[in-house]
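Since the structure comes first, as C-alpha cells, the remarks are kept for the end.
Fair warning: this is a prediction, and the values are worked out from it, not measured in the lab. Just so it is clear, the values below take in all heavy atoms, side chains as well, and ignore hydrogens, waters and symmetry mates.
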Amino acid sequence: MALDYAKCAKEIYENLGGRQNLVSAAHCATRLRLVTVDNAKIDMKKLENVDGVKGVFSNNGQLQLIIGTGTVNKVYDAFLKVSGMTAATKEEVKAAAAAKQPIFKRMIKSLGDVFVPILPILPAIVASGLMMGLVEALGKAVPSFAGSDWYGILDMFANTAFTFLPILIAISAARVFGGNVFLGAVIGMIMIHPNLLNAWSIAGMEASEIPVWHLLGFPIRQVGYQGHVIPVIIAVWLMCQLEKWLHKHVPEMIDLFVTPLVTVLVTGFLTLGIIGPIFSTAETYVLTFAQWLITVGHGIGSMIMGALYPLTVVCGIHHMYNVIEAGMLSVPDGLNTWMPIASAANFAQGAACLAVGLKAKNHKTKAVAIPSSLSAALGITEPAIFGVNLRFVKPLVCGIAGGAAGALLGAMFHIGATSYGVTGIPGFLITLDYTVQYAIVLAVSFGISFVLTWLFWKEEEEQTSAPDEMTDTEKESADEEKESEKKEAETVIYAPLTGKVISREEIPDETFAAGILGDGVGIEPSVGEVTAPCDGEISTVAETKHAIGITGPAGMELLIHVGIDTVNMKGDGFAVLVSEGDKVKKGQKLLTFDMEKIRAVGYSTTTAVLLTNSDDYAAMTVERTGAVEAGEMIIKAGT
C-alpha cells in the first residue's frame with residue numbers, strides 16, 4: 001500500500017511541539033532534517049511509530065527522521081505545507097543547529113574547524129619533527145657529523161615536510177573546505193615559490209632590502225610563507241569560496257578553464273597582497289613586543305613570553321625570534337637569554353602532550369601524542385601543539401602555565417646560551433655553563449605542565465567514573481564521548497563484493513566518478529554476488545533489481561549500484577533476495593547477478609559502492625584498494 005505523504009507529514013508535525021518549536025527544515029537523500037528549539041517538547045516514541053518513518057535520531061543538533069529514497073522529498077513537500085515553513089538547504093539546517101549550541105562550544109568548534117585541515121598531515125609532521133630533532137642533536141654533539149654528507153641528506157629528509165608545509169596544509173584544507181585539492185596545492189606552491197625570498201632568511205634584513213612588486217600602485221613583498229599555518233588556511237578557504245561561487249555562475253561551456261584560472265589569479269593576488277602583509281605586520285609587532293617584554297622587571301616579562309610563545313607557534317611566526325637571539329649574540333661576550341624562554345615553553349608543551357598520550361585510551365590519540373611529545377623534547381613542537389594540545393585546548397593551557405613558570409626561573413638564573421636555533425634536550429649543548437640551572441628549568445616546566453594536564457584533562461575519568469558518582473555534566477559528557485566512539489566504530493563500510501577495489505574517479509560513469517551521488521569506491525567484481533556491507537535496513541530496492549539502498553548505523557546512507565547502465569536490462573540477469581524495510585546483517589546475501597549477461601550486452605560490471613550522505617562526515621577514507629574479499633573493510637567515515 002502506497003504511503004499517504006500528507007498523513008505522514010501531518011503526524012510528524014503534530015509530534016514536534018508546535019510551529020513555535022521549529023527552527024528549520026530540510027531533507028537529504030533519505031532523511032528529513034529538522035532543527036527544533038527544545039527537544040524535550042518532542043514525542044519521540046510517537047514519531048518513531050509514524051507510518052513512513054523508519055527511524056529517528058539526533059545528530060549534531062539536528063533531529064533526523066529516516067524516511068527513504070524517493071519518498072522523503074514528497075513527505076518534505078507535504079511537511080512544508082502543513083507547518084507553514086519555507087524550504088532550507090542542508091547547510092542552512094546545519095548552521096541553525098550549530099547556532100543553538102552554547103557560545104563557548106561554538107567558539108571551541110570554530111577554533112577546531114580552523115585546524116581541521118592540519119589533522120590528516122600529522123603523521124608527516126610528527127615523523128619530520130622527530131627526525132629533525134635527532135639530526136640537530138647529533139650535529140651539536142658530534143661536530144664532525146654536522147659537516148658530513150650523512151648529516152646533509154638526513155637534514156634534507158627531516159625538514160622537507162616543514163619546508164613544504166604550506167602545500168600539505170593547502171591540499172588538506174581544500175579537501176576539508178570542499179574545493180579542488182589541486183588548485184589548493186597551487187596556492188600552497190605560490191606561497192613558497194622559489195622566486196620568493198624564504199621567510200626564514202629575511203629575519204636580519206632591513207625592510208628596504210626586501211624586493212617589492214609594484215602593481216597598479218599596490219606593493220607586494222616578494223617573501224614566501226615557509227612554516228606558516230594560519231595564512232595558508234585562510235587563503236585556501238577564500239579560494240574554495242570563490243571556486244564554488246564561480247562554478248555556480250560561470251556557464252558550463254567555459255567553466256572548465258575560466259573557474260580554475262580566475263580562482264588561482266584572484267586568490268594568489270589576495271594572498272600575497274593582503275593576507276601576507278597583514279601577517280607580516282603582525283610579526284613585526286610581536287617581535288617588538290617580545291623584545292620589550294623580556295627586559296621588563298625581574299623575569300616577569302620572560303614569564304609572560306614563556307606563556308605567549310606557544311601561541312606564536314600557532315601563528316607560524318616563532319622563527320622570527322631568531323632576530324632577537326642573533327642581536328643578543330652580536331655584542332661582545334653576548335649570551336642568548338631568549339633561548340631558555342623558548343626551551344621552557346617547548347618542553348612544557350611536550351610534557352602536556354605526553355600526559356595526554358599516557359592517559360588516553362584512544363589508540364589514535366596515543367599514536368600521535370607520544371611521538372609528538374618526544375619531538376617537542378628535542379625542540380620541534382609543531383606536532384605536539386597542532387596534533388594534540390590545540391585540539392584538546394586544556395593541554396595547551398596547562399603547557400602555557402608550565403612554560404611560564406620555567407621561563408621565569410630561566411630569567412632568575414640568568415641562563416645564557418652560546419648559540420640559537422636549539423631548545424629542549426639538545427639545548428644542554430649550548431648552555432654548558434648553566435647545566436644544573438637549565439636542567440631545573442626543564443624539570444619545573446615539565447613537572448607543572450604534566451601534572452596540570454593529568455589533573456584537568458579528563459578523557460578517562462569521564463569514562464571510568466561510576467554512574468552514581470558523576471555529576472549531570474559529567475554524565476552528559478561521558479554519554480557524548482561514548483556515542484562518539486560508537487559512531488566511530490559504526491561508520492565503517494565493508495566490501496559487499498569480491499573483486500578489485502578502484503577509486504570512485506575510476507568508475508566508468510560520469511555521475512558516479514564526479515561524486516554527484518556521494519563519495520565511495522568502485523568494485524570490479526569477480527563473483528556475481530552482493531552482500532550487506534554493514535548491519536542496517538534496506539531503504540530502497542530498484543524495480544530493475546540492479547541497485548539497493550541501505551540505511552546503516554549512525555545514519556549512514558549507502559547505495560550499491562551493480563554495473564553501468566544496467567538499468568536498461570530491466571532486471572534480466574538479476575535476482576534480489578531482500579525487500580524494502582528488511583533488517584539485514586553484515587555479510588548477508590542481498591542479490592545475485594549474471595556477470596556474463598551484463599558483459600554480453602556491452603555493459604561494465606563495475607559496481608559503485610557509495611556513501612550518499614558523505615557530506616555529513618568530516619572525512620572519508622578508503623582503507624583498501626586492489627584485490628578484496630567480500631566482508632573486508634574498504635571505507636571508514638569520520639564524524
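With Asn21 contributing its side chain and Leu16 its backbone, the two residues share a donor-acceptor pair below 3.5 Å. When atom types are taken as modelled, the side chain of Lys583 and the backbone of Gly536 share no donor-acceptor pair closer than 3.5 angstrom. Put simply, the side chain of Arg504 gets close to the backbone of Ala513: a donor and an acceptor are under 3.5 Å apart. Panel note: side chain Asp519, backbone Gly515; no donor-acceptor pair is recorded below 3.5 Å. In this structure, the side chain of Asn15 does not engage the main chain of Leu47 through any donor-acceptor pair within 3.5 Å. No donor-acceptor distance shorter than 3.5 angstrom exists from the side chain of Asp509 to the backbone of Ile564, with no hydrogens or angles considered. Proximity of a side-chain donor or acceptor of Glu11 to a complementary backbone N or O of Cys8 within less than 3.5 Å is not detected. A donor-acceptor pair under 3.5 Å is absent between the side-chain atoms of Glu524 and the main chain of Val501, judged by distance alone.
When side chains are defined from C-beta on, Met556 counts as touching Cys534, because their heavy atoms get closer than 4.5 Å. With contacts defined as side-chain heavy-atom distances shorter than 4.5 Å, the pair Leu497/Thr531 does not qualify. Contact annotation: the side chain of Val622 never approaches that of Ile634 to less than 4.5 Å [non-hydrogen atoms, C-beta and beyond]. You'll find the side chain of Ile548 stays beyond 4.5 Å of the side chain of Val530, heavy atoms only. Counting only heavy atoms from C-beta outward, the side chains of Ile12 and Leu65 approach each other to under 4.5 Å. Counting heavy atoms from C-beta outward, Thr540 and Thr71 have side chains that stay 4.5 Å or more apart. Side-chain contact between Leu558 and Val609: absent, with no pair of heavy atoms (C-beta onward) separated by less than 4.5 Å. In this structure, Ser503 and Val521 have side chains that are not in contact, with every pair of non-hydrogen atoms separated by 4.5 Å or more.
Under a 4.0 Å N-O distance rule, the pair Lys7/Asp51 does not qualify as a salt bridge.
Donor-acceptor pairing under 3.5 Å is recorded for the side chains of Glu623 and Thr621. Using modelled atom types and a 3.5 Å distance limit, the side chains of Tyr603 and Asn568 yield a donor-acceptor pair. For Asp255 and His247, the side-chain atoms include at least one donor-acceptor pair closer than 3.5 Å.
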Report task. Might you work through the side chain to side chain contact (heavy atoms under 4.5 Å, CB included) test for Leu242 and Thr267, ending with a clear yes or no? Result -> CA-CA 8 Å; Leu242 176 59; Thr267 306; 4.1 Å; yes

Requested in this report: With side chain to side chain contact (heavy atoms under 4.5 Å, CB included) as the test, would you mind laying out the steps for Lys586 and Tyr494 before giving the verdict?
Outcome: CA-CA 8 Å; Lys586 172 184 170 292; Tyr494 298 89; 3.3 Å; yes

Requested in this report: Walk me through it: do Val584 and Asp535 pass the test side chain to side chain contact (heavy atoms under 4.5 Å, CB included)?
Outcome: CA-CA 6 Å; Val584 296; Asp535 295 346; over 6 Å; no

Report task. Could you please spell out the steps behind the side chain to side chain contact (heavy atoms under 4.5 Å, CB included) verdict for His546 and Met569? Result -> CA-CA 9 Å; His546 71 293; Met569 296 179 68; over 6 Å; no

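Ile538 approaches Ser579 most closely through the heavy-atom pair CB-O, 3.5 Å. In terms of heavy atoms, Thr544 sits closest to Lys570 at CG2-CA, 3.7 Å. Counting all heavy atoms, side chain and backbone alike, Ile171 lies closest to Ala185 at CG1-CB, 3.6 Å. Cys240 approaches Ala174 most closely through the heavy-atom pair SG-CA, 3.9 Å. Annotation for Ile254 and Val250: closest pair CG1-CG1, 3.7 Å, computed over non-hydrogen atoms. Heavy atoms only, all atoms of each residue included: Leu611 and Ala637 are closest at CD2-CB, 4.0 Å.
Residue-environment remark: CG (Leu265) exceeds the threshold of 12 foreign heavy atoms within 6.0 Å. Enclosure of atom NZ in Lys10 is not indicated, since only 12 or fewer non-hydrogen atoms of other residues, nucleotides or ligands lie within 6.0 angstrom.
Between Trp457 and Phe392, the ring planes are tilted. Angles from 30° to 60° get that label.
Checked against Thr605 for a side chain to side chain contact (heavy atoms under 4.5 Å, CB included), the options Ile598, Val562, Thr566 give a single hit: Ile598.
Checked against the 6.0 Å centroid threshold, His561 and Phe512 count as a close aromatic pair.
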